[in-house]
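One structure is given below, encoded as structure tokens.
Proteins come first, then strands; the chains are lettered A, B, ... in the order of their sequence lines, and each starts at number 1. These figures come from a predicted structure and were not determined experimentally.
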Amino acid sequence: MKKLTKTMIAFVVVMTMLVSMCTVFASAAEEEGTFKIGGIGPLTGAAAIYGNAAMNGVQIAVDEINALGGIQFEFNPQDDTGVAETSVNAYNALKDWGVQAIVGTVTTAPCISVSAEAYSDRIFMLTPSASSTDVIADKDNMYQVCFTDPNQGIASADYMAENYPDAQIAVIYKNDDAYSQGIRDTFVSEAQAKELTVVYEGTFTEDTQTDFSVQVAAAQDAGADMVFLPIYYTPASVILTQANAIGYEPTFFGVDGMDGILSVENFDASLAEGVMLLTPFSADAEDERTQNFVKTYNDLYGETPNQFAADGYDAMYTIYQALQEAGCTADMSAEEICEALIGVMPTITVDGLTGQGMTWSDTGEVSKAPMAVVIKDGVYVLPETAEE
Amino acid sequence: MKNLKKTTKVDLATYIGVTVAFLIMYALQTGGHLTSSISGQLVPICCFIVMAVSLNLVVGISGELSLGHAGFMSVGAFGGIIAAQSLAETIPSTPLRLVVALAVGALCAVVVGFVVGVPVLRLRGDYLAIVTLAFGQIIKDLINCLLVGYDSHGLHIMFNISGLKSINDLHLEETGKAIIKGAQGAVGVTKISSFPAGFILVMLTLVIVLNLIRSRTGRAIMAIRDNRIAAESVGLNITKYKLMAFVISAALAGAAGALYGLNYGSLVASRFDFNTSILVLVYVVLGGLGNIWGSIIATVVLYMLPEALRQFSDYRMLVYAIVLILVMLATNNDQLKALLGKIIPHRKEAAGNE
């Protein structure tokens, strides 16, 4: 019987832990007159650089808005390590905190899981960077600040068709990644429609992203003079290094995930010269707002913000503007705010860092102009100026 | 009660403990006294308890090292999702559909477990560890190639080996639904898992595993673990018993995977990577090899720990690792054991036996 008692004791200990956790969360104090905005993104783990950038961007926006007076925000970023399950846990933790609207989730797969939960709970979500169409599909409370994957693929193909109609294109993409695969699929079908020549397609996965000698050599053998890289910048930096090592010098073309390549550690940034990328944000833009943002970000976090930071910043301002438009007050429940925001989102126009005059359709998709830039002397410039 | 065997008492306590824990949590949940954070963790905890208990059957009871347990979970999860999503109209009842999905998940895992187990379990040595390690990776890559859709003509399945196909190549009808989109994983999954279903699965797992261990078959499996040559000399069919433990373990992992997969709106194959296998192995090792209730408690505590440590923000995984090390040190500390032995007299003899 002793053993039985011991087992029971062990269970009781576990139960006590659970119950004590409940009380910890329940005691979170209510603050009057402040909107509670939650953030979800990978703050640790492989994708941490995106999550941190986006959350830092949101934080800067929150600080600026709070300094203006008027509507006040409290921002609570939660880590999801880029995993769907942890993301839902983070979402639940935010719910316990009393969240009224969410900026997130930063990465695509977790965002699909969280948005399904938020849809049934009626909490408004605006993702800075989860770009798959599955994120917003069939959910009226889910909006995006970034382009959808199909948009990026189509825009890239259109840009090439217009400027490099005779290019021999090679595509190297990550086929276990929703983002990369999504862009590749639409790029290839649009390239077919525009009669572009795709001479080679190479794939890699999470486990094989340290060596690209096979893919790079194959692209070279196939005679490709334009290599489309719908991937994040870390593997892209390896591709650039290895292409350089074998003396292969095509034009590399990236999408928004390429943004950040200039700040990769141990990467010779001069190799990125001439890389083209489609991005809505350039840290070297001349307008005052971008410059202020870049300066603040640099002062606070010691690095140049990438596009994710700008997306986060814009997401926060969008929520701010939508809340004002809908006349929401901080004492409204998350549900009331959600319904009010759904009502105003398709009607507002936001001028942000990642695009002037951003508007949204009621499906949640953003409409803004993509911008192609070229890396020249370590900064992004418009292709026209690079040629001069 | 006094006349019961010690093992029977422990088993009974495990059943009662799990049931009591479930009843308390369920009452709290339905009464709305639980935070969303804890409510949200109940189903995955049930899944991982089943994972840990089933892995314990292989690692603790049959004495083979399996490093690809998450692979079976993956097979079960995607099998279960395909079943549940494609049967959505045929079986309108959610609980029934969940049962079918779990059964399909378990069945898929059994088939795969059999294929992996038959050649490997004939060998001596650590080959199972090597093969299951590779198996976990292979499954991940295979599922990344899998395109599955459903329309009025039935299931459409395509293997995208070349990497050049997409979901559009399935040519689904307008009303058709994409279930698995290769690397993008399963999206738009209808959430049908529930805590009571998780509890039933845990109980079922316990009934199967505990009865197996206490049976003649279980004793044969343990005899093989303890001394292969002696077991062979008394005429035990080594491969058969090892395969039995391995396939049952795979089936349970498959069912757990199906429950897990149907608890989230999206699922990607990379969720079930090597790290997940090791995580489950950590639950088993920390709970004690061959100790079923230990696995359950270790799983609950270790699963909740990272969430409970959220206030440490970026440092929570660091704290988590430190806690793991401290637990390992504490449970192996002789002085602590002696101290426990003084408090609980029963422990003294146990400590003396070691």
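- Ranked by non-hydrogen atom pairs under 4.5 Å with chain B, the options A116(A), C111(A), A90(A), S120(A) are led by A90(A).
- Below 30°, between 30° and 60°, or above 60°: for F48(B) and Y283(B) the angle between ring planes is above 60°, a perpendicular geometry.
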Quick one: do I123(A) and Y91(A) satisfy side chain to side chain contact (heavy atoms under 4.5 Å, CB included)? Show the steps, please. CA-CA 10 Å; I123(A) 295 179; Y91(A) 165 77; 3.6 Å; yes
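- Of the atoms belonging to S180(A), not a single heavy atom falls under 4.5 Å from chain B.
- Among S113(A), A109(A), G82(A), the residue making the largest number of heavy-atom pairs under 4.5 Å with chain B is S113(A).
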Before you tell me yes or no, could you show the steps for Q181(A) and D185(A) under side-chain hydrogen bond (donor to acceptor under 3.5 Å, both in side chains), namely the whole-Å CA-CA distance, both residues' side-chain angles and the distance that decides it to 0.1 Å? CA-CA 6 Å; Q181(A) 177 86 43; D185(A) 287 352; 3.2 Å; yes
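- A salt bridge links R122(A) and D140(A); the closest N-O separation between the charged side-chain nitrogens and carboxylate oxygens is under 4.0 Å.
- Comparing A178(B), G294(B), G265(B) by heavy-atom pairs within less than 4.5 Å of chain A, the highest count is held by G265(B).
- Heavy atoms of E117(A) lying under 4.5 Å from chain B belong exclusively to its side chain.
- Heavy-atom pairs under 4.5 Å with chain B were tallied for V114(A), D138(A), T86(A), N89(A); the largest tally goes to N89(A).
- T148(A) and S131(A) share no side-chain donor-acceptor pair at under 3.5 Å.
- Using bins of under 30°, 30° to 60° and over 60° for the plane-to-plane angle, the ring pair Y179(A)/Y232(A) lands in the parallel bin.
- Only the side chain of D134(A) comes within contact range of chain B, with at least one heavy atom under 4.5 Å from a heavy atom of that chain.
- The contact between Y303(B) and chain A is made entirely by side chain atoms (from C-beta outward), counting heavy-atom distances below 4.5 Å.
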